[in-house]
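Keep in mind that the numbers below use all heavy atoms, side chains included, and drop hydrogens, waters and symmetry copies. A note on names: the letters A, B, ... follow the listed sequences, proteins ahead of strands, and every chain is numbered from 1.
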Amino acid sequence: MCPVCGDTVSGYHYGLLTCESCKGFFKRTVQNNKSYTCSESQDCRIDKTQRKRCPFCRFQKCLRVGMRLEAVRADRMRGGRNRFGPMYKRHRALKQQKNALLQSHGLKAEYTPDLISPPTRTPFNFTNININTTPSDTITSDLHTQTHSGYSFYQNEPRHESPQYYHVSPLGALYSPVHAMAVIGDCSGIPGIPQAQCSGSFSAQGPALPHLLVEFLRCELDELQVRSKIIGRLEQMQGEGGSGGYGATHMYLMVDQMLFYIVEWARGSVFFKELKVSDQMKLLHHCWCELLVLDMVSRQLQHGRQGSLVLVTGQEVDLPALVSPAGPLLRTLVQKGQDLVESFRKLQVDRNEVVCFKFLILFNTDVKHVENQSFVENVKEQVHRALLEYTLCAYPQFLDKFDKLLLCWSDLCALSTLAEEYLCSKDICGEVPCNNLLNELLHAKHHSM
DNA sequence: ATAGCCTTGATT
DNA sequence: AATCAAGGCTAT
C-alpha cells in the first residue's frame with residue numbers, strides 16, 4: 001500500500017514505494033514549484049478517495065513519509081538510474097529478510113491495511129476516576145527541519161551529462177519530519193527515511209522510526225508529570241486517611257495510582273481508543289498487571305541499581321530490607337523481578353521496544369469475548385511488524401533480538417501472574433484498601449474466569 | 001489537475 | 001538484453 005494514500009504501490013518512486021498517482025502528484029508539485037494552501041487545519045486525512053481534496057496536505061504527507069525532493073530531476077532528464085538504486089536494492093533485501101522472519105513467527109508477509117478509523121468518543125466508567133487529573137499527552141519526539149540545499153545527488157562528481165537534481169520547494173521549509181531520540185544503529189539506505197536522519201555517520205539523532213512506533217511514542221504520558229501527580233495524590237491521601245509512613249498500604253495506594261495512569265494511557269492511545277468501551281475494559285482487565293510489571297521493570301532499567309527498587313514516586317526501596325520480613329511469595333516475586341530486569345538489561349531493551357511491548361500486551365488476542373476480535377488481531381500483527389522492523393533497523397548486528405524480546409515477554413507474563421496472585425492474596429486478607437481501581441481490577445479478572 | 005500508460009536510458 | 005525508476009503524454 002502507498003504510504004501516502006493507501007492505493008496500490010507501483011514501484012519505488014522518489015525514495016520509497018508509492019502508488020502511481022502520488023508519484024505523479026509529487027513530480028508535478030516539485031517540477032512546477034507549486035504551492036498549495038489548506039482550507040482546513042492542515043491535517044486532512046489522505047486516502048485513495050480523498051487524496052484530490054487537499055493537495056497541501058497530500059504534499060505534506062508525501063514529505064512526511066519520506067519522498068525525496070532531490071529525486072526530482074532539475075534537468076528533466078529521462079531514464080537511467082539515480083543513486084537510490086542501491087538503496088532500493090538494500091530495502092528489497094531487508095524486506096525479504098523481514099518477511100522470512102515474520103513467516104517464521106506465523107505472520108502473513110503481506111501488509112495489512114491501516115486500521116486507524118474515525119475516532120469515537122465514549123464515556124468510560126472505571127471506579128475511582130478522578131476527573132481533575134488528566135495528564136496531557138507529551139510529544140516525545142523532536143521536530144526538525146530538513147535542509148535540501150547544496151547536495152549533490154550523485155555519488156561521483158556530477159558530470160555535465162548527468163541530470164542535475166533539484167530542488168528547494170517553497171513547501172520544503174514546512175517539512176518537519178518527526179525524529180526519535182536516542183536510537184542506536186544505522187538505517188542508512190532504508191527508503192522512506194530521509195537522508196539527514198539516516199546517514200549513520202554521526203547520528204546523535206538516530207534513524208527514523210517505523211511510522212507506528214512514532215504514533216506509539218506520541219501516546220506516552222509524561223513521566224515527570226505522572227510522578228508529581230502521584231506524589232501529590234499520595235500526600236493528599238495520607239493527610240486524609242491518617243495511615244502515614246511507608247507501609248504496605250502506601251504501596252497499594254501507589255500501585256492503585258500507577259494503574260490509574262496505565263488506564264489513562266491506554267484510553268488515550270492510538271487504536272485502543274477506537275475500541276468500544278466494553279472491549280477496552282475486557283482488554284485492560286486482562287493485562288493491567290502485565291503493564292504494571294513492565295512499567296516497574298522498565299523503570300529499573302532507566303534508573304535502578306541492583307539491590308534496590310525505584311518506584312514511580314522516585315523513592316528508592318532497599319530490596320534486602322523489603323524481602324527479609326516478607327513471605328515466600330513476595331520473595332520469589334522480587335527474585336523473579338530482579339531476574340527479569342537483568343535479562344532486559346542484558347538484551348539492551350530500549351525505550352522504543354518497551355513502548356511496543358506495551359501495545360503487544362494491551363492487544364492480547366487471547367482475551368475472550370472481545371467483540372472486535374479481528375481489530376485486536378490486526379493491531380497485534382502491526383505491532384509485531386513494527387517491533388521487528390525497529391529491532392532489525394536499530395540493532396542490525398543483533399538479528400535475533402526480536403526473538404529474544406518475545407522470550408522476555410513470556411517471562412514477564414509469568415511474573416505478572418505471580419504478582420497478581422500475590423495482590424489477590426493480600427486483597428483477600430483485607431490488606432488492600434477498598435474502593436479503588438486495584439480492587440476493581442483484581443475482582444474483574446476473577447468474575448470473568 | 002489527475003492518474004494511468006508510455007518512453008527513456010544507466011545500471012546490472 | 002532485461003530491469004525499472006525517472007520523465008512524458010493524454011483522456012478524463
Side-chain angles (χ1 to χ4, degrees), chain A residues 1-40 42 44-99 109-111 113-114 146 148-172 174-175 187-195 198:
Chain A
M1 286 178 83
C2 173
V4 180
C5 72
D7 202 352
T8 315
V9 157
S10 72
Y12 287 93
H13 304 296
Y14 309 108
L16 41 69
L17 289 165
T18 73
C19 72
E20 196 62 26
S21 74
C22 289
K23 164 200 156 189
F25 170 77
F26 190 77
K27 182 186 70 178
R28 287 191 301 276
T29 302
V30 180
Q31 279 183 337
N32 305 323
N33 216 343
K34 286 179 183 301
S35 54
Y36 310 111
T37 45
C38 176
S39 54
E40 301 289 317
Q42 309 197 345
C44 304
R45 257 180 77 87
I46 305 298
D47 58 30
K48 191 181 171 180
T49 53
Q50 299 198 332
R51 65 192 177 199
K52 282 198 249 190
R53 284 252 282 257
C54 181
F56 178 91
C57 290
R58 189 181 188 183
F59 189 59
Q60 288 283 89
K61 192 161 180 194
C62 285
L63 294 170
R64 198 169 65 233
V65 301
M67 291 182 81
R68 304 295 199 89
L69 294 164
E70 322 90 277
V72 180
R73 297 168 180 174
D75 61 0
R76 301 197 163 205
M77 197 199 86
R78 303 171 73 184
R81 288 284 150 86
N82 61 29
R83 76 155 196 170
F84 281 140
M87 171 172 121
Y88 294 144
K89 213 172 144 187
R90 281 183 60 183
H91 183 246
R92 270 190 262 263
L94 196 86
K95 251 185 22 176
Q96 225 171 17
Q97 191 181 41
K98 214 171 84 181
N99 281 340
E110 287 294 304
Y111 182 77
D114 210 352
Q146 189 176 8
H148 302 282
S149 52
Y151 186 74
S152 163
F153 201 62
Y154 267 72
Q155 280 170 324
N156 308 324
E157 280 299 299
R159 287 162 293 160
H160 283 298
E161 321 82 79
S162 333
Q164 299 297 307
Y165 290 96
Y166 278 11
H167 253 296
V168 185
S169 156
L171 289 172
L174 294 171
Y175 173 30
C187 262
S188 55
I190 310 297
I193 297 174
Q195 202 61 33
C198 202

Would you list the protein and nucleotides 8-12 of chain C atom pairs, both N or O, that sit under 3.5 Å from each other?
from: C:dG8; atom 1: OP2; to: A:R76; atom 2: NH1; distance (Å): 3.4
from: C:dG8; atom 1: N7; to: A:K27; atom 2: NZ; distance (Å): 2.7

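Regarding contacts with the backbone of B:dT12, every side-chain N or O of A:K89 stays at 4.0 angstrom or more from both OP1 and OP2. Side-chain nitrogen and oxygen atoms of A:Y88 include none within less than 4.0 Å of the OP1 or OP2 phosphate oxygen of B:dT11. For A:N82, no side-chain nitrogen or oxygen approaches OP1 or OP2 of C:dA5 to under 4.0 Å.
No donor-acceptor pair under 3.5 Å is formed between the side chain of A:R81 and the backbone N or O of A:G85.
Distance CE (A:M87) to P (C:dA6): 9 Å, rounded to an integer number of Å.
A:R58 forms a cation-pi arrangement with A:F25, by the criterion of a distance under 6.0 Å to the ring centre and an angle within 45° of the ring axis.
Looking at A:R51, its side chain has no donor and acceptor atom pair within 3.5 Å of the base of B:dA3. With hydrogens and angles ignored, a donor-acceptor pair closer than 3.5 Å exists between the side chain of A:R81 and the base of C:dT3.
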Practice problem: Let me see the working for A:C19 and A:V9 under side chain to side chain contact (heavy atoms under 4.5 Å, CB included), right down to the final yes or no. | Solution: CA-CA 4 Å; A:C19 72; A:V9 157; 5.8 Å; no

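Looking at heavy-atom distances under 4.0 Å, A:R58 makes contact with sugar-phosphate atoms alone, never a base.
Checked against a 6.0 Å centroid threshold, the rings of A:F26 and A:F59 count as neighbours.
Minimum atom distance to the side chain of A:K52 is reached by B:dA3, of the listed B:dA3, B:dT12, C:dA6. Across C:dA5, B:dT2, C:dA6, the shortest atom-to-atom separation from the side chain of A:R73 is found for C:dA6.
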